[in-house]
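Here's the structure, in structure tokens; my notes come after.
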Amino acid sequence: MNLLRKILFPFAILYGIITSIRNLLFDKGFLKSYTFDLPIIAVGNLSVGGTGKTPQIEYLIRLLSDKYKTATLSRGYKRQSKGFVLADSSSNAEILGDEPFQFFEKFPTIQIAVDANRKNGIEQLLSQAIKPDVILLDDAFQHRKVKAGFYILLTSYGDLYSDDFMLPTGNLREWRSGAKRADVVIVTKCPENLSVEEQNSIKSKLNLSSNQELYFTFIAYDDCIYSENKKMPVSEIQKDNQLLLAGIAKPEPFFTYLKSNANQQDCLTYPDHHHFTEKDILDIKNKAQNKIIITTEKDYVRLKNSDLAAQLFYLPIKSLFISGPDTSGNNFDKTILNYVGKSSGNS
């Protein structure tokens, strides 16, 4: 915690009081939460950014989309459009935002929508000719105006919400007690070999209720990088022939995975959801020269139609579950499928 964050401690207390009052008003019914007659799964966090929401949403899409008509609804952070937008062939990252457009590119058979007003977004999805069977709300844990049927709370390994504090002193959007709304808590970005002893230690720290399930996941990086029409094994990339580029919240693991093949100076970092200007593109091109440029999937969808396209590749990732006592992916899948199946049947 740096000095400025310590100085801002009174504002963190004030912000915490405001969010507590807001949550209390929703809990007591003074502020209205809307429910809908279909299964809705909200994925989010207590902290700002970098907990792995995108790969977790993609995991749910893979799990559900073969069995149910699935839709995702995101805010569309930093998009240049307004209101409700349903992705179609004319969509791009500027219209949808980078993460929703990434979903659209990877999963063309599902409905991808954006709307900062999640209630309106759900109503618009349900008014379509093809109505979804299940809706995944991206980054909606604090969006209390809609009451989802199932809540998944993400927290990063090494940056647990139980060790954090309210903004601006810490990174929490609301007090840790907000975790009680979650049906499932997932500790993301863990070491792949996380021991059972450490899992139990984290479980003790989080102090979940008996009705909440806890899981642990890690980020699995692909063995290959991809462009629009090529792929290349990571092991074959020449050390002096690459530039790494990332505009995400916490790019260190991405760089670490590829850095064995890269020089330290061949890494460019931009803010999360960065809008790449013409000057940025020119600077990157001058830095890269004739090297290949390797970036994240989220950055790739924003850059693939730029002047960098001929030398641009991306590295795919997936969120995978770590085995342990009652923490395997099979149990998580069963929990989600049971919820969606029962909710679909009830509706």
Side-chain angles (χ1 to χ4, degrees), residues 54-55 57-58 61 72 74 76-81 85 87-110 112 114 219-318:
T54 300
I57 291 285
E58 291 185 355
I61 293 171
T72 69
S74 308
Y77 186 62
K78 288 195 175 180
R79 63 189 170 110
Q80 295 176 10
S81 60
V85 179
D88 59 24
S89 58
S90 65
S91 297
N92 55 37
E94 286 71 35
I95 292 173
L96 296 179
D98 47 22
E99 289 159 347
F101 187 59
Q102 179 179 318
F103 298 152
F104 179 66
E105 292 271 276
K106 294 178 76 170
F107 307 102
T109 62
I110 74 168
I112 308 294
V114 293
I219 294 297
Y221 292 92
D222 204 295
D223 293 330
C224 293
I225 57 172
Y226 300 81
S227 67
E228 197 70 22
N229 48 27
K230 285 189 279 187
K231 79 173 185 177
M232 182 187 308
V234 171
S235 59
E236 294 182 10
I237 303 169
Q238 295 180 4
K239 178 179 178 180
D240 297 323
N241 190 38
Q242 64 175 328
L243 175 72
L244 308 184
L245 184 157
I248 57 177
K250 296 177 180 177
E252 293 81 12
F254 168 77
F255 289 140
T256 298
Y257 178 77
L258 291 167
K259 206 175 281 183
S260 59
N261 294 315
N263 297 313
Q264 179 67 37
Q265 65 268 27
D266 291 328
C267 298
L268 293 179
T269 304
Y270 292 87
D272 195 17
H273 302 282
H274 181 68
H275 173 68
F276 290 94
T277 64
E278 290 185 10
K279 182 180 183 304
D280 291 332
I281 302 298
L282 183 60
D283 288 344
I284 295 167
K285 197 168 184 66
N286 289 337
K287 175 80 172 177
Q289 295 297 320
N290 296 320
K291 298 176 181 178
I292 63 170
I293 302 167
I294 308 174
T295 190
T296 68
E297 287 184 271
K298 190 165 76 170
D299 294 307
Y300 182 81
V301 298
R302 282 176 282 162
L303 290 168
K304 67 175 187 173
N305 294 320
S306 71
D307 289 342
L308 304 174
Q311 59 197 115
L312 190 67
F313 289 77
Y314 67 92
L315 176 68
I317 63 172
K318 283 185 180 181

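The two residues Lys304 and Ala309 come nearest to each other via the heavy atoms O-CB, 3.1 Å. Leu268 approaches Ile284 most closely through the heavy-atom pair CD1-CG1, 4.1 Å. Shortest non-hydrogen contact noted between Ser90 and Ile95 is O-CD1, 3.8 Å. Minimum interatomic distance between Phe254 and Ala246 (heavy atoms only, all atoms of both residues): CD2-CB, 4.0 Å. Closest non-hydrogen pair, Leu96 versus Ala87, comes out as CD1-CB, 3.6 Å. Across all their heavy atoms, Pro316 and Glu297 have their closest contact at CA-OE1, 3.4 Å.
The residues Lys287 and Asp283 are annotated as not salt-bridged, no charged nitrogen and carboxylate oxygen being separated by less than 4.0 angstrom. Using a 4.0 Å cut-off between a side-chain N of Lys or Arg and a carboxylate O of Asp or Glu, Glu99 and Lys298 qualify as a salt bridge.
Partners of His273 by ring pair (Phe, Tyr, Trp, His ring centres under 6.0 Å), not counting sequence neighbours, listed by chain and number: Tyr77. The side chain to side chain contact (heavy atoms under 4.5 Å, CB included) test applied to Asp280 returns Tyr270, His274, Phe276, Thr277, not counting sequence neighbours.
The distance from atom NZ of Lys285 to atom CG of Leu312, rounded to the nearest 0.5 Å, is 10.0 Å. Distance CZ/Phe101 to CD/Glu94: 8.5 Å, rounded to 0.5 Å. Going from atom CG of Leu308 over to atom CD1 of Ile292 covers 13.0 Å, rounded to the nearest 0.5 Å. Distance SG/Cys267 to CG/Leu243: 8.0 Å, rounded to 0.5 Å.
Looking only at side-chain heavy atoms (C-beta outward), Ile219 and Pro55 come within less than 4.5 Å of each other. Here the side chains of Phe313 and Lys230 are in contact, with some heavy-atom distance below 4.5 Å. Within the 4.5 Å cutoff, the side chain of Ile317 has no heavy atoms near those of the Thr54 side chain. Looking only at side-chain heavy atoms (C-beta outward), Ile61 and Lys106 stay at 4.5 Å or farther from each other.
Residue Arg302 is tested with Asn92, Thr296, Thr295, Asp98 for a side-chain hydrogen bond (donor to acceptor under 3.5 Å, both in side chains); the sole match is Asp98. Evaluated for a side chain to side chain contact (heavy atoms under 4.5 Å, CB included) with Val234, the options Asp223, Leu315, Ile294 yield exactly one hit, Leu315.
Around NZ of Lys78, the count of heavy atoms belonging to other residues, nucleotides or ligands within 6.0 Å exceeds 12. Heavy atoms from other residues, nucleotides or ligands lying under 6.0 Å from CD of Gln289 number more than 12.
Sorted by first and then second residue, the ring pair (Phe, Tyr, Trp, His ring centres under 6.0 Å) pairs with a member in residues 221-245 read Tyr221-Tyr257, Tyr226-Tyr314; sequence neighbours excluded.
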Next item on the list: Run the numbers on Leu282 and Asn286 for side chain to side chain contact (heavy atoms under 4.5 Å, CB included), then give the verdict.
Entry: CA-CA 6 Å; Leu282 183 60; Asn286 289 337; 3.8 Å; yes
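In this structure, the side chain of Asp299 engages the main chain of Gly247 through a donor-acceptor pair within 3.5 Å. Between the side chain of Gln311 and the backbone N or O of Ile293, no donor-acceptor pair lies under 3.5 Å.
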